[in-house]
Protein chains: 2
Amino acid sequence: MAVVELFRALGDASRLEMIRRLSSGDVFTINSLSEGLDITRQGARKHLQILADAQLVTLVPKGRGTNIQMNREMLDQGRAFIADLEHRWDIRLEALRRFVDNE
Amino acid sequence: MAVVELFRALGDASRLEMIRRLSSGDVFTINSLSEGLDITRQGARKHLQILADAQLVTLVPKGRGTNIQMNREMLDQGRAFIADLEHRWDIRLEALRRFVDNE
DNA sequence: TCAATAGGCAACCATTTAGTTGCCTATTCT
DNA sequence: AGAATAGGCAACTAAATGGTTGCCTATTGA
């Protein structure tokens with residue numbers, strides 16, 4: 001299930017910070033995105049690969065650098081998944097409420 | 001950051017399936033929730049502890065069993081976090097669109 | 001052309017994770 | 001009281017994860 005990979009990818013402080021930065025809309029390269037994360041470039045690169053595998057991010061080689069693009073659709077899928085869980089929950093609560101009222 | 005733990009907790013197939021089941025609103029006990037997950041009760045119990053640590057779930061001892069309650073609020077926090085990322089992203093796209101239009 | 005910049009690849013290490021098994025305790029039902 | 005049920009605790013294993021270092025390649029710019 002793709003959503004498992006999505007959540008797993010988001011479940012790490014470094015990766016979540018990367019996504020937070022990318023959501024600003026600024027353009028990042030592997031080097032610039034790695035700065036201030038307290039890990040080496042190679043460490044950051046690994047995280048980036050995980051984000052890319054989860055399709056949260058796309059790596060686009062450009063000249064001697066690599067541009068990183070965030071992928072809004074995957075965030076949306078994650079949000080929709082959670083919303084669906086909540087919806088099922090709400091439906092049940094509503095049914096329960098009606099049941100209690102009719103007693 | 002609590003949201004990291006939340007996403008990490010959701011980033012596993014067994015745990016996500018547990019949450020999916022719980023979202024139905026049915027009452028589960030550790031044994032009943034473990035059934036059909038293809039892991040032992042002890043394995044499931046460990047996952048459950050991770051969900052409890054992330055506050056996605058509360059374990060309530062009841063008689064010789066243990067009732068498991070899902071915690072809607074944490075799901076909500078996760079959804080809100082993603083929605084916020086998307087919002088930041090949208091704002092930037094909007095600004096970019098206006099910039100292009102004014103050229 | 002050649003130094004500097006951006007990055008890739010691979011090996012390696014320590015810690016965490018997912019899962020198991022074995023055995024002990026507490027509650028319930030007859 | 002005693003069997004059956006629900007679960008806890010601890011030790012152990014294999015594999016995944018997060019991180020590092022060393023070195024190689026490709027693009028750019030003076």
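In this text, all values refer to a predicted model and were calculated from it rather than measured experimentally. Within every chain, numbering begins at 1; the chains are lettered A, B, ... in the order of the sequence lines, protein sequences first and strands thereafter.
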Hey, does [X] reach any base, or is it just sugar-phosphate, or nothing, if we go heavy atoms under 4.0 Å?
X	answer
B:Arg41	base
B:Thr40	base
B:Gly43	base

task: State whether A:His47 places a side-chain N or O below 4.0 Å from either non-bridging phosphate oxygen (OP1 or OP2) of D:dT17.
output: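 Looking at the OP1 and OP2 atoms of D:dT17, neither is under 4.0 Å from any side-chain N or O of A:His47.
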message: Does D:dG18 have its OP1 or OP2 closer than 4.0 Å to a side-chain nitrogen or oxygen of A:Ser14?
response: no
Specify the separation, in whole Å, of atom [atom1] of [X] and atom [atom2] of [N].
X	N	atom1	atom2	result
B:Leu37	C:dT20	CG	C1'	16 Å
B:Ile30	C:dA26	CD1	P	16 Å
A:Gln49	D:dA16	CD	P	17 Å
B:Lys62	D:dG7	NZ	C1'	17 Å
B:Asn31	C:dT27	CG	C1'	14 Å
B:Leu59	D:dG8	CG	P	8 Å
A:Leu16	D:dG18	CG	C1'	16 Å

query: Do you reckon A:Met74 sits in the same ILVMFWY cluster as B:Val4, going by side-chain contacts under 4.5 Å, direct or chained?
result: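 Yes, because A:Met74 and B:Val4 connect within a single hydrophobic cluster, where side-chain heavy atoms sit under 4.5 Å apart.
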message: Any N or O donor-acceptor pair under 3.5 Å from the base of C:dG19 to the side chain of B:Gln42?
response: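 Answer is no: no donor-acceptor pair is held.
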Could you tell me if the side chain of [Y] sits less than 4.5 Å from the side chain of [X], heavy atoms only?
X	Y	answer
A:Asp76	A:Arg72	yes
A:Arg15	A:Ile50	yes
B:Ile68	B:Thr58	no
A:Ser34	A:Ile39	no
A:Gln49	A:Leu59	yes
A:Asn71	A:Val57	no

- line: Taking for B:Thr29 and for B:Lys46 the nucleotide of DNA chain D with the nearest heavy atom, the one nearer the 5' end belongs to B:Thr29
- request: Rounded to 10°, tell me the angle between the two end axes of the helix from C:dT1-D:dA30 to C:dT30-D:dA1, each built from five pairs.
  value: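 It works out to 30° between the end axes.
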- prompt: Mapping A:Arg45 and B:Arg8 to their closest nucleotides on DNA chain C, which lands nearer the 5' end?
  reply: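 Final value for this comparison: A:Arg45.
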